[in-house]
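This report concerns only the one structure given below.
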4 protein chains.
Amino acid sequence: MAKSIDETKLERIKQATIEMVVTKGYGGASVSSIAKRAQVADGYLYRHFPSKQALVQSLYASHIDEFRQLVYEMMNTYNTLEEILFNFINAIFELTNENPSKAMFINMLMNDYTFLMSKDMRLRIPESFEKLLDKGKETKEVDAGISIEEFTAVFPAIPIEYASSRVKRIFSDEKLTSDDAHKVTTLCVKALKG
Amino acid sequence: MAKSIDETKLERIKQATIEMVVTKGYGGASVSSIAKRAQVADGYLYRHFPSKQALVQSLYASHIDEFRQLVYEMMNTYNTLEEILFNFINAIFELTNENPSKAMFINMLMNDYTFLMSKDMRLRIPESFEKLLDKGKETKEVDAGISIEEFTAVFPAIPIEYASSRVKRIFSDEKLTSDDAHKVTTLCVKALKG
Amino acid sequence: MAKSIDETKLERIKQATIEMVVTKGYGGASVSSIAKRAQVADGYLYRHFPSKQALVQSLYASHIDEFRQLVYEMMNTYNTLEEILFNFINAIFELTNENPSKAMFINMLMNDYTFLMSKDMRLRIPESFEKLLDKGKETKEVDAGISIEEFTAVFPAIPIEYASSRVKRIFSDEKLTSDDAHKVTTLCVKALKG
Amino acid sequence: MAKSIDETKLERIKQATIEMVVTKGYGGASVSSIAKRAQVADGYLYRHFPSKQALVQSLYASHIDEFRQLVYEMMNTYNTLEEILFNFINAIFELTNENPSKAMFINMLMNDYTFLMSKDMRLRIPESFEKLLDKGKETKEVDAGISIEEFTAVFPAIPIEYASSRVKRIFSDEKLTSDDAHKVTTLCVKALKG
DNA sequence: TATGAATGAGACTTCATTCAT
DNA sequence: CATGAATGAAGTCTCATTCAT
């Protein structure tokens with residue numbers, strides 16, 4: 001009967017939000033500027049999200065979850081820690097190449113103490129890394145003395161930092177390659193081994 | 001005498017700014033709230049900084065610089081990369097224990113693409129890490145194939161992430177000890193060696 | 001048949017409007033909330049009324065008119081002022097019991113200087129009360145010196161205030177009875193007599 | 001040291017608020033329009049009141065209280081109900097002449113079910129009228145059978161309605177005089193007597 | 001006919017900044 | 001030198017209204 005919801009609009013809003021938050025920061029990304037970039041009316045945003053905060057929060061949560069699911073997927077597909085890490089890192093790097101803003105967005109909010117994840121999220125993330133650590137100890141690829149705290153300082157910290165500096169074009173303007181993924185995997189594996 | 005009063009005011013403003021930014025984010029830290037916490041008048045702030053942005057930027061720059069100077073200092077004092085890293089990491093951990101807000105502040109802004117450092121800063125930081133990398137290669141503690149890009153993904157990324165997760169109390173509520181510094185140094189050294 | 005469906009929709013819109021305006025005030029009663037309560041689409045409302053303002057105005061006008069017609073009806077049915085007043089007040093009280101919202105709605109808008117009646121309405125109301133005043137003077141139930149201004153301050157002000165305070169449950173939660181109507185009639189009659 | 005608060009500004013805001021609310025209704029009286037009429041900046045309003053609602057509420061409460069205090073004052077000054085009522089009504093009429101908006105403002109909000117008084121206010125008002133009723137029964141000016149519900153439907157309903165219709169210029173454009181106050185007092189006294 | 005997606009003007013509110021004192 | 005009253009641009013959000021379907 002009535003006009004049907006234009007799904008591309010919702011997608012445009014999401015992408016515009018990420019780009020504006022990355023470019024201008026959370027505070028600098030005004031709802032108006034997001035709506036303008038997404039080519040929708042200011043008010044339209046509020047038909048899908050109750051507030052600006054909820055909009056950003058929801059995007060953040062879904063990206064973090066995507067991330068976490070990728071870890072599980074890789075754990076179920078590959079047997080050695082090295083293979084798991086490489087394939088995960090490679091996937092992340094590809095995603096970063098395709099949509100650098102998305103990578104910056106996650107990185108930015110993960111380090112924003114103001115933007116805490118929901119309790120649920122906060123618990124499930126360490127859990128997935130703990131599983132990975134156990135796996136590494138099992139295969140003897142990880143020193144038995146490594147704690148979860150040390151583990152996460154290596155993974156995913158190293159690949160995130162590497163991708164982040166590339167996106168910021170601090171040392172290079174090149175795209176991330178599978179060779180980069182290999183190098184980063186090696187750094188992680190060496191750091192952790194006995 | 002009047003001068004000294006001034007100095008404590010300035011100090012109070014700086015600390016209040018850091019605390020408010022860390023607690024409420026850049027946008028949530030209003031000039032009024034900073035002035036109130038520092039127990040100075042709103043307008044007084046503008047005698048020292050031309051704008052809120054300049055205030056935060058200046059604090060950020062001076063902290064980053066402190067950081068950089070510490071690297072130089074350690075490089076001139078110690079001879080092996082391991083010693084340099086350990087003493088630097090230990091110093092950073094002590095600073096984090098003393099003033100967690102300060103550590104969170106640096107970490108937060110370093111990952112905020114909005115708060116780009118001045119060109120000057122942006123150049124001098126990689127430079128100081130490049131010197132460190134050269135040193136490591138000289139002493140054979142670092143594999144000759146390691147690029148500056150890989151190096152910075154390990155150091156300072158690993159210690160920063162470790163300190164950051166401690167401050168966020170993700171895995172532990174304990175203070176950072178020199179034992180922590182040792183563990184983190186080992187991770188870095190292992191990641192980089194040939 | 002289609003017509004009758006229409007009619008119940010229109011009726012639902014009218015009742016929903018009254019209830020929302022009374023509950024939330026004119027500003028708080030959004031078109032959407034009215035449509036939702038009436039179980040019609042937002043846009044459907046605009047097939048019957050050109051604007052929200054017109055919708056409320058029209059309901060107000062029709063209720064005021066209903067009121068006025070009741071006065072005429074009672075004047076044609078009963079001979080003494082006391083009988084007329086009693087039967088009118090009793091009718092109003094019954095209506096208030098059946099549909100308190102309706103009573104509150106009229107009362108609210110009558111005291112809202114924003115919602116001025118149409119010129120037409122404004123003239124016909126005093127006219128009907130003037131006829132009533134003349135009748136009272138004729139039967140000697142009303143002092144010859146009473147002006148129309150004094151008369152309206154007694155009737156319908158007293159019964160309206162009485163019903164209103166009951167609806168607001170200021171002094172009592174009971175329904176309005178014919179005994180209440182008698183008491184109120186007496187107050188009016190005594191106020192006006194010579 | 002700093003500029004001192006301009007008290008006239010606060011007064012201008014209060015008067016502008018009353019005038020705008022009376023003219024345009026609560027919803028129609030935008031903060032901007034109030035600020036403009038008061039000749040202050042939009043934001044200035046929020047240095048004195050936390051919200052538009054609080055601003056209007058506070059004015060309403062203080063006027064209602066003024067009203068209530070006037071009743072007490074008259075009760076302590078005069079001995080017969082008739083004297084008390086006359087002097088109160090006269091005072092109200094004078095106030096209405098001086099500042100018709102103020103009178104309209106009170107009347108409008110008193111009949112707005114959306115704008116409930118604080119519980120405290122709601123209790124103290126009937127209480128003051130109850131004292132008045134007791135006084136009237138004591139002096140035998142009021143029939144022993146009159147309830148507080150009937151009493152308030154007469155007083156202050158009659159004088160309010162009379163003043164209100166005058167302010168709306170329904171029957172007359174003249175100012176309210178002490179002769180008007182006498183007439184209205186007589187209506188009340190007659191309605192209540194045994 | 002009836003719907004409800006979409007709009008955008010405008011509402012309320014905040015806050016960096018200025019400047020009279 | 002220091003204050004904090006005052007400003008007003010800009011932000012978030014609501015909602016009456018339109019119109020494609």
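Numbers restart at 1 for each chain; the letters A, B, ... are given by sequence-line order, proteins then strands. These numbers come from a predicted model, not from an experiment. Just the heavy atoms: all of them, side chains too, but no hydrogens, waters or symmetry mates, feed the values below.
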Intermediate values then yes/no, side chain to side chain contact (heavy atoms under 4.5 Å, CB included), D:M104 and D:M108
CA-CA 6 Å; D:M104 289 162 104; D:M108 197 164 161; 5.9 Å; no
I want to check something: taking the side chain as every heavy atom from C-beta on, are C:Y26 and C:L109 in contact at a cut-off of under 4.5 Å?
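C:Y26 vs C:L109: side chains apart.
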Does any non-hydrogen side-chain atom of B:H63 lie less than 4.5 Å from one of B:I18?
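Yes, their side chains come closer than 4.5 Å.
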Does the protein touch nucleotides 9-17 of chain E at the base, only the backbone, or not at all? Give it as B, S and - per nucleotide, heavy atoms under 4.0 Å.
--SSBB-SB
Rounded distance in Å - [atom1] ([X]) to [atom2] ([N]):
| X | N | atom1 | atom2 | value |
| --- | --- | --- | --- | --- |
| B:K36 | F:dA5 | NZ | C1' | 16 Å |
| D:L10 | F:dA6 | CG | C1' | 14 Å |
| C:L45 | E:dG4 | CG | P | 13 Å |
| C:I34 | F:dC15 | CD1 | P | 11 Å |

Relative to the 5' end of DNA chain E, which residue comes earlier, A:Q39 or C:A41, by the nucleotide with the nearest heavy atom?
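Going by which nucleotide is closer to the 5' end, it is C:A41.
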I would like to know whether D:L95 and D:E66 meet side chain to side chain contact (heavy atoms under 4.5 Å, CB included); could you show each step before the answer?
CA-CA 11 Å; D:L95 185 145; D:E66 212 175 282; 3.7 Å; yes
Per-nucleotide pairing state of DNA chain F [Watson-Crick or G-U, under 3.5 Å; [ ] pseudoknot-crossing; | other strand]:
.||||||||||||||||||||
Look at the side chain of B:T17 and the backbone N and O of B:I13, then say whether any donor-acceptor pair between them is shorter than 3.5 Å.
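A pair under 3.5 Å: yes.
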With C:E19, which of C:R37, C:K24, C:K14, C:K102 fulfils salt bridge (Lys or Arg N to Asp or Glu O under 4.0 Å)?
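So, applying the salt bridge (Lys or Arg N to Asp or Glu O under 4.0 Å) to C:E19 and each of C:R37, C:K24, C:K14, C:K102, only C:R37 qualifies.
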If the cut-off is 4.0 Å, is A:K9 near the phosphate of E:dT7, judged by side-chain N/O to OP1 or OP2?
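Yes, within the criterion.
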Test log, rule side chain to side chain contact (heavy atoms under 4.5 Å, CB included), inputs D:F49 and D:V56:
CA-CA 9 Å; D:F49 304 93; D:V56 176; over 6 Å; no
Distance-minimising heavy-atom pair for D:A16 and D:I34
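For D:A16 and D:I34, the tightest heavy-atom pair comes out as CB-O, 3.6 Å.
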